[in-house]
Number of protein chains: 2
Amino acid sequence: MFVRVTTDLAYRATSLGELGIASDSNQKVSLNEFTYKKGTEIYGEKEPAEYVYQVKAGAVRSYKLLSDGRRQIGAFHLVGDIFGLENGSEHRFTTEAIVSTTVRLIKRRSLEMMAESDPMVSRNLLSMTTDNLQHAENHMLLLGRKTSLERVAAFLIEMDRRLTAAGVIPLPMSRRDIADYLGLTLETVSRALSRLHELDVIGFVGSDQRQIVLVNRRQLARLDLQN
Amino acid sequence: MFVRVTTDLAYRATSLGELGIASDSNQKVSLNEFTYKKGTEIYGEKEPAEYVYQVKAGAVRSYKLLSDGRRQIGAFHLVGDIFGLENGSEHRFTTEAIVSTTVRLIKRRSLEMMAESDPMVSRNLLSMTTDNLQHAENHMLLLGRKTSLERVAAFLIEMDRRLTAAGVIPLPMSRRDIADYLGLTLETVSRALSRLHELDVIGFVGSDQRQIVLVNRRQLARLDLQN
DNA sequence: CGGAAATTTGACTTCCGTCAATTGCTGTGG
DNA sequence: CCACAGCAATTGACGGAAGTCAAATTTCCG
């Protein structure tokens, strides 16, 4: 479904480069691309982890559900990000394409084999896992102790850092997604954004009122209490 | 300060065993023990990470602070647990002894060197980091989406698994610590425990009313909504 | 263009936090 | 051994930040 297989060597080099493998590597890995339509699942929690993914275009959410439907998004994966990297053999989140999303696939097995032989790959695997851990640790502080305004400010700062184009943040995700990431309701997120708008901390781009926000970084940073 | 250096080989073997190093390893590592008094800091956030620690006796909390004093405890480290393992060179949490606590110390540098030469050590480092990540991921769900009763139930289940002695959970930490771990106030934790007591889900051991709780596991599990 | 979906906004509720008083426990010193 | 100081925990009364429910408005997309 929505498959596009590629053996483009340029892709292979770049993708593996992220994992610390020299582009002239003669290791054989199966590498190809898939495109997922908006809203479709990439993999489910507890499914066997056969692939590791890198976002080439689009955006992905990964989340856990409680039995009654409450959802917690653990991370958004944007262009360039690698996700689906598990140490055990099972995925610990469900992931879905937020918008139409193209990913590169790397077979987990081949990655494991490369890690065995190449300590550089192994080290980068650890480094990536540590980055994820650090993000989760900071997010625990946000979820456990920050107010709604602080959470939304922190979210905008994070997205500004990760996907800004000259002061404009083209958010791919809905208010509900933001809410489930921040441990709030969509109404509370909307109210916080309105408040930030009143305070002239953020603005909205002319016609496309929703998805794009313009930032006044200085004030925003003051609203998110770090450390 | 409260130092006790040891070169006991049995300690060395056990400690390194946790990291996947054969006990007959002829690698040289500096290994010794420290005892920290109740309430004292082991290391601070942003300090250089010189050592990795293993709890030999006692209990440790690791936390982050916001500038106005709000605290989020990310994890409790109990007997046998390894903590202070960072990939970068800085600690990402402050850690303190909850009660009088003895830890084993392993020099970070020597661990890194062993990981270079031994892929088994390297793999176990990754495995431990992944375990921490998994804990943080589950805790994000708790902090973002669970009610106070669900949080306290989940906490008791976790502690039951980690430090129970035949149905009795000898909690080393205060209500405030539990609250800062669960993203609540100590009053809310106390009320939740009282509620669980009324519901005959938990009981308290005779004289020592506070620190020890007795469990009725079945009902408790029903109160914590998993997945 | 029109219906569906997303977002905003308002009114009201609720769960948890805040503040305060009380009780219970621990440890020290007379 | 007991008294008392000091801290931890419980309990109650009240308030507020965020949640719920609902309606209006805007945007999206076929």
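Convention: sequence-line order gives letters A, B, ...; per-chain numbering from 1.
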Under the salt bridge (Lys or Arg N to Asp or Glu O under 4.0 Å) definition, can you give me all pairs with a residue in residues 74-89 of chain B, not counting sequence neighbours? D81(B)-R162(B), E86(B)-R92(B)

Under the ring-ring contact (aromatic ring centres under 6.0 Å, His included) rule, collect the residues that match up with Y43(B), sequence neighbours excluded. Y53(B), H91(B)

In terms of side-chain geometry, is the basic nitrogen of E50(A) or R108(A) positioned less than 4.0 Å from the acidic oxygen of its partner? no

Can any side-chain N or O of S190(B) pair as donor or acceptor with the backbone N or O of L186(B) at less than 3.5 Å? no

How close or far is atom P of dA9(D) from atom CZ of R176(B), stated in whole angstroms? 10 Å

Nearest-Å distance, NZ (K38(B)) to P (dG6(D))? 17 Å

To the nearest angstrom, the CG-P distance between D180(A) and dA18(D) comes to 16 Å

Kindly say if S148(A) contacts the phosphate of dA18(D), meaning a side-chain N or O under 4.0 Å from OP1 or OP2. yes

Contacts of type side chain to side chain donor-acceptor pair (under 3.5 Å), residue S148(A), not counting sequence neighbours: none

For D160(A), check side chain to side chain donor-acceptor pair (under 3.5 Å) against everything at least two apart and list the hits. T164(A), R217(A)

Quantified as the angle between the terminal helix axes (five pairs each), what is the overall bend of the helix from dC1(C)-dG30(D) to dG30(C)-dC1(D) to 10 degrees? 40°

The correct set of residues in residues 181-195 of chain B placing a heavy atom under 4.0 Å from DNA chain C is G183(B), L184(B), T185(B), E187(B), T188(B), R191(B)

Starting from P on dG19(D), measure out to CZ on R70(A) and report it in whole angstrom. 12 Å

